[in-house]
Amino acid sequence: MSEIIKVQKGTKDILPQDIAVWHKMEAAALEIFTRAGYKEIRTPIFEATELFQRGVGDTTDIVNKEMYTFEKSERSLTLRPENTAGVVRSYIENGMHKLSAPVKLWYKGPMFRYERPQAGRQRQFHQVGIEMFGIKEPSADAEVILLALNYLKQLGLPNLSVELNTLGCAKCRKEFRALLIETLRPHYEKLCEDCKARFEKNPLRLLDCKNESCKAIFALPEIQQVIQSDFTCPDCSLHFEQLKSYLDNLNVNYKINKLLVRGLDYYNRTVFEIKSENLGSQNAVCGGGRYDTLVEQLGGEPTPAIGWAMGMERLAALLPEINNDKLDIYVVSDNKLETLKLVERLRALNYNVDFDMAGKKFVKQLEKAAKTAHFAIILGEDEINGEYLTLKNLKTAEQTQFPLTNLSDFESRTYKFISTNSSEWIQSKLSMLASGFGM
RNA sequence: GCGGGUUUCGCCAAGUGGUUAAGGCUCCGGAUUGUGGUUCCGGCAUGCAUGGGUUCGAAUCCCAUAUCCCGCCCCA
């Protein structure tokens, strides 16, 4: 046997026994977003490297050190590290600004970042997210945040904490930036290397620094005064106040975090995160914000926009495991031809049905049925000769016979037989049968 | 990129230099040629992440590499 090839570091197989929770996340996304007027968009996994350099921003860590970039036919291509840039590219390229605003889009799929894997972080991971284009009013911000909460609620995660901040617009941020640099300059020497490097380029990012000595500096009264000060221009200020008012009136719990500065360059005004305490150090489930200049920056018409993304692996970590459902019926028989015929008919009636193909003995087949299915159908010599089948409830060991010639009789009478059992499967089957018979 | 830990069967796991590497679960077969998930019996690692080294002798000690996990940075 030659050496086996293993999955690559930071990647994982999602195995059949774990897939149910992914189906749940995907189904919830389709349902909740569709209900809010969002349409799914699927953009390519790789894009021109330049899209991310210009879109995500080349001062970001994502672009600087985390991209999977490769050359092909003298083009530089990159596996998408996030999907906002790709969606914006598609929005521009397909002339979606001509559609009536807002244009509401959602997506799900794999993203790629070359990072050291740890709890809640992989190199290939999945995000589900939404983007809304064309509305600058704060009601859009409110809807987008509510949508995130609704999605989490649908998944049974209603109690996560929302953190909110505003970064202002280019204009007010410029003034704040200048003030911040001026205030921090006396402490420059005491800052960590990263902070020094970012000092002139993107001083807002310093506020996010986790270094203890840097934190101590930012805790100084004169610096806190600057950080806590309301630097936003009247327009930005009003926008934020209106958003907060909407959220207050809708009883959304959130807290203002002045230090919340998102790591992607394209954000302005509203930024927010949704966190969970149960995720270890990578605790952000959802991150998003407004990016009113990105469309223009990537060559489109000036278009306000806002969106968010959730990490699906992190979401999955918060959700309870879902046991895979058992089969509805396992057919026990030594006559493969008659079994195949019956299985075909049962599958056509929407039952999940399987049977033995290995030629095992009767007892073994029944054992297998007991482990993998709710019901067994026994189709032996007696049944075939008498043109009937035996249905066995594997939980209660009850049995009953049905004529083989007319399976609609099987359908209509089965629910009476199985109604003696109250498992979840029975409930779902009952409602299915009931709807099928117009009851 | 930097730090700490981990690695024995499909899964869990004993073993800390000395005969054929415990045990449990799962799986497979039999007891039981049409009624199961109970019970009983049997099978399932010539090998302990990989490569070197020390030793009469290594899963056990040493070195290197890899792996996965956790943390930093950053992000979902």
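Heavy atoms only: backbone and side chains are in, while hydrogens, waters and symmetry mates are out. Order of the sequence lines fixes the chain letters, A, B, ..., with proteins taken first and strands second; residue numbering starts at 1 for each chain.
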* **Minimum-distance nucleotide to Ala370(A) side chain [options: rC68(B), rG36(B), rG34(B)]** => rG36(B)
* Electrostatic pair Asp356(A)-Lys336(A), nearest N-O below 4.0 angstrom -> yes
* Asked: Once you round it to whole Å, what is the distance between P of rU33(B) and CG of Asn335(A)?
  -> 20 Å
* Using a strict 4.0 Å threshold on nitrogen-to-oxygen distance, state whether Glu338(A) and Lys341(A) make a salt bridge. => yes
* Asked: Got a salt bridge between Arg123(A) and Glu115(A), using NZ or NE/NH1/NH2 to carboxylate O under 4.0 Å?
  -> no
* To do: Respond yes when some side-chain nitrogen or oxygen of Lys361(A) is under 4.0 Å from OP1 or OP2 of rG30(B), and no when none is.
  => yes
* **Counterpart base for rG42(B), defined by Watson-Crick or G-U wobble contacts under 3.5 Å** => rC28(B)
* Structure fact -> Separation of rA66(B) atom P from Gln8(A) atom CD, nearest Å, is 14 Å
* **Under-4.0 Å side-chain N/O to phosphate OP1/OP2 contact, Ser281(A) with rC70(B)** => no
* To do: Please determine, for the side chain of Asp382(A), which listed nucleotide (rG34(B), rG30(B), rG29(B)) has the closest atom?
  => rG34(B)
* To do: Taking only the side-chain nitrogens and oxygens of Lys371(A), find out if one of them lies under 4.0 Å from OP1 or OP2 of rC27(B).
  => yes
* Given rC73(B), rC2(B), rU67(B), the nucleotide with the shortest approach to the side chain of Arg116(A) -> rC2(B)
* **Main-chain N/O of Ala85(A) paired to Glu82(A) side chain as donor or acceptor, under 3.5 Å** => yes
* What integer distance in Å separates Gln122(A):CD from rC70(B):P? -> 10 Å
* Asked: Just wondering, do Tyr107(A) and Gln127(A) contact through their side chains at under 4.5 Å, heavy atoms?
  -> yes
* To do: Select base, sugar-phosphate, or nothing to describe what Ala376(A) touches, counting heavy atoms under 4.0 Å on all strands.
  => nothing
* Asked: With sugar-phosphate meaning primed atoms plus P, OP1 and OP2, does Leu315(A) contact a base, only sugar-phosphate, or nothing at under 4.0 Å between heavy atoms?
  -> nothing
* Structure fact -> Of the listed rG1(B), rG71(B), rC69(B), the closest approach to the Lys12(A) side chain comes from rC69(B)
* To do: Quote, to the nearest angstrom, the P distance that separates rU54(B) from rC62(B).
  => 15 Å
* Atom C1', compared across rC74(B) and rA14(B): separation rounded to whole Å -> 42 Å
* When you match Ile274(A) and Leu379(A) each to their closest nucleotide on RNA chain B, which lands nearer the 5' end? -> Leu379(A)
* So which nucleotide from rU67(B), rA31(B), rG36(B) ends up closest to the side chain of Lys9(A)? -> rU67(B)
* Is the shortest side-chain N to carboxylate O distance from Glu398(A) to Lys392(A) below 4.0 Å? -> no
* Determine the Euclidean distance between corresponding P atoms of rG29(B) and rG34(B); express it in Å to zero decimal places. => 15 Å
* Asked: Which value, in whole Å, describes the distance between the C1' atoms of nucleotides rC11(B) and rC27(B)?
  -> 11 Å
* Asked: Closer to the 5' end of RNA chain B via nearest nucleotide, is it Ala119(A) or Ala284(A)?
  -> Ala119(A)
* N-O pairing of Arg42(A) and Glu40(A) below 4.0 Å -> yes
* Structure fact -> Here the distance between atom C1' of rG36(B) and atom CG of Leu391(A), to the nearest Å, is 15 Å
* Asked: Which nucleotide sits closest to the side chain of Gln282(A): rC69(B), rG34(B), rC73(B)?
  -> rC73(B)
* **Whole angstrom value for the distance that separates P of rG71(B) from CG of Leu279(A)** => 10 Å
* **rG15(B) versus rU60(B) - spacing of their P atoms, nearest Å** => 15 Å
* Structure fact -> Gln365(A) CD to rG34(B) P, in whole Å, measures 10 Å
* Quick one: is Lys360(A) getting a side-chain N or O under 4.0 Å of the rG29(B) phosphate, OP1 or OP2? -> yes
* **Rounded distance in Å between the C1' positions of rG18(B) and rG71(B)** => 41 Å
* **Watson-Crick or G-U wobble partner of rA14(B), both distances under 3.5 Å** => none
* To do: Remember a base hit wins even if backbone is also touched, and classify Gly120(A) as base, sugar-phosphate or nothing at under 4.0 Å, heavy atoms.
  => base
* Asked: Just to confirm, is there a sub-4.0 Å distance from OP1 or OP2 of rC72(B) to any side-chain nitrogen or oxygen of Gln118(A)?
  -> yes
* To do: Answer with yes or no after comparing the ring centroid distance for Trp106(A) and Phe33(A) against a 6.0 Å cut-off, counting only values under it.
  => yes
* What nucleic acid atoms does Ala309(A) come within less than 4.0 Å of, heavy atoms only: base, sugar-phosphate, or nothing? -> sugar-phosphate
* To do: Using the P atom on both, measure rA58(B) against rU26(B) and round to a whole Å.
  => 36 Å
* Calculate the interatomic distance between Leu394(A) atom CG and rG36(B) atom P; express it in whole Å. => 11 Å
* Asked: Taking atom C1' of rG29(B) as reference, at what distance in whole Å does atom CG of Asp356(A) sit?
  -> 15 Å
* Taking the same atom, C1', in rU50(B) and in rA66(B), what whole-Å distance lies between them? -> 7 Å
* **For rC68(B), the Watson-Crick or wobble counterpart (both distances under 3.5 Å)** => rG5(B)
* Select base, sugar-phosphate, or nothing to describe what Glu115(A) touches, counting heavy atoms under 4.0 Å on all strands. => base
* To do: Searching all strands shown, indicate the nucleotide that pairs with rU54(B) (Watson-Crick or G-U wobble; both distances under 3.5 Å).
  => none
